[in-house]
Amino acid sequence: MVKEQSRLELIKKKECSHDEALKRITQLIACDDQALGDIKQWIEDAPGKICAMADGWSADTTKAPFLGMTIHFVEVDKTGSWKLAAEVVGFKLLSGAHSGDNLGQYFVGLCERVRIIGPRYSKLGTMTLDNTLSNTTLSMTVEKYHAACKLVWNAKQNQLLCTEHVVQLVIKDVMSSLTKTTAIKNATAIWE
C-alpha cells in the first residue's frame, strides 16, 4: 500500500483549509484508528528498517513531560521507485520520572503500537536522539527489550546523536565563554 501524501506533507504544503489542518494535526497527535492502520501498513510494506527520531521534554508552564516520536522509512511506489517517507507516530504524555528507563518503556510502547517491534520481530533500525544520558539509557532499554525477545539490536551501534543538538550545545558553550570574556574585558576597562 503506497500512501498518496503524508498528513504532515499536506499540512506543510497548505493544501487544505484551516479547519482541515486542525483536524489533521489532531489526528497526528491522537493517531486515530485510520491513521494508525495506515502507519502499520506503511511499516509492514517498507522494504527495509525503520529509523526513529524521538525527544522528551517538559512543558514550560505545567512541567508535564512528553515524548514525541517520528519515523523515517523507504516506501516503494506503484512504479517501483523508492521514496523517503516520514510520519509522526506519537506525542505521548508521560507518567512518572523523566528517566531513561521510563522514556525507554514509552518508546518501546510506541514502537509496539505501530508494529515496528514485537515479540518475534523488529524493523527498528537507528534511533536519533539528543545526547543526554537519559537517552543512552533509553537506547539500552530498547536493547534489553530486543534481548528479552531473543532479537538482536545494539544500542551503541544504533543510537545516533542529533547533530543539531550537539552543534547547539557547542554554540551555547562558545557564546557563554565569549560573553564572560567580554564582560570581564568591559569590567576591567571601566576600572582602568
Heavy-atom check, side chain of Leu161 versus side chain of Leu129, under 4.5 Å
no
Contact check, side chains of Val142 and Val108, non-hydrogen atoms, under 4.5 Å
yes
Do Met127 and Ser139 make a side-chain contact, defined as non-hydrogen atoms from C-beta onward lying under 4.5 Å apart?
yes
What's the shortest heavy-atom distance between Leu124 and Ala52, and which atoms?
CD1-CB, 4.2 Å
Has Asp55 got a side-chain atom pairing as donor or acceptor with Met69's backbone, closer than 3.5 angstrom?
no
Find the distance between CG (Asn102) and OG (Ser95) and round it off to the nearest 0.5 Å.
7.0 Å
Trp42 and Glu87: CA distance, side-chain angles, deciding distance, side chain to side chain contact (heavy atoms under 4.5 Å, CB included) verdict
CA-CA 10 Å; Trp42 298 327; Glu87 282 295 329; 3.6 Å; yes
Sorted by chain and residue number, the side chain to side chain donor-acceptor pair (under 3.5 Å) partners of Thr79 (sequence neighbours excluded) come out as Asp77, Ser81
Any side-chain heavy atom of Leu36 sitting closer than 4.5 Å to one from Arg113?
yes
Which value, rounded to the nearest 0.5 Å, describes the distance between Asn154 atom CG and Met140 atom CE?
8.0 Å
For Ser134, which residues count as a side chain to side chain donor-acceptor pair (under 3.5 Å) partner, sequence neighbours excluded?
Thr132
Under the 3.5 angstrom rule, does the side chain of Trp153 hit a backbone N or O of Gly125 as a donor-acceptor pair?
yes
Quick check: closest heavy atoms across Cys149 and Pro119, and the distance to 0.1 Å?
CB-O, 3.3 Å
Which residue pairs pass the side-chain hydrogen bond (donor to acceptor under 3.5 Å, both in side chains) test when at least one of the two sits in residues 140-149, sequence neighbours left out?
Asp101-Thr141, Glu112-Tyr145, Ser122-His146
Just verifying a value: how many Å separate Phe66 CZ and Leu93 CG, rounded to the nearest 0.5 Å?
5.0 Å
Taking the side chain as everything from C-beta on, heavy atoms only, tell me whether Val114 gets closer than 4.5 Å to Leu110.
no
Residues two or more places apart in sequence or in another chain: which of them pass side-chain contact (heavy atoms from CB on, under 4.5 Å) with Lys123?
Ile43, Ala46, Ile50
Distance (rounded to the nearest 0.5 Å) between Leu67 CG and Tyr106 OH
9.5 Å
Who passes side-chain contact (heavy atoms from CB on, under 4.5 Å) against Met53, sequence neighbours left out?
Thr70, His72, Thr128
Among residues at least two apart in sequence or on other chains, which ones pass ring-ring contact (aromatic ring centres under 6.0 Å, His included) with Tyr121?
none
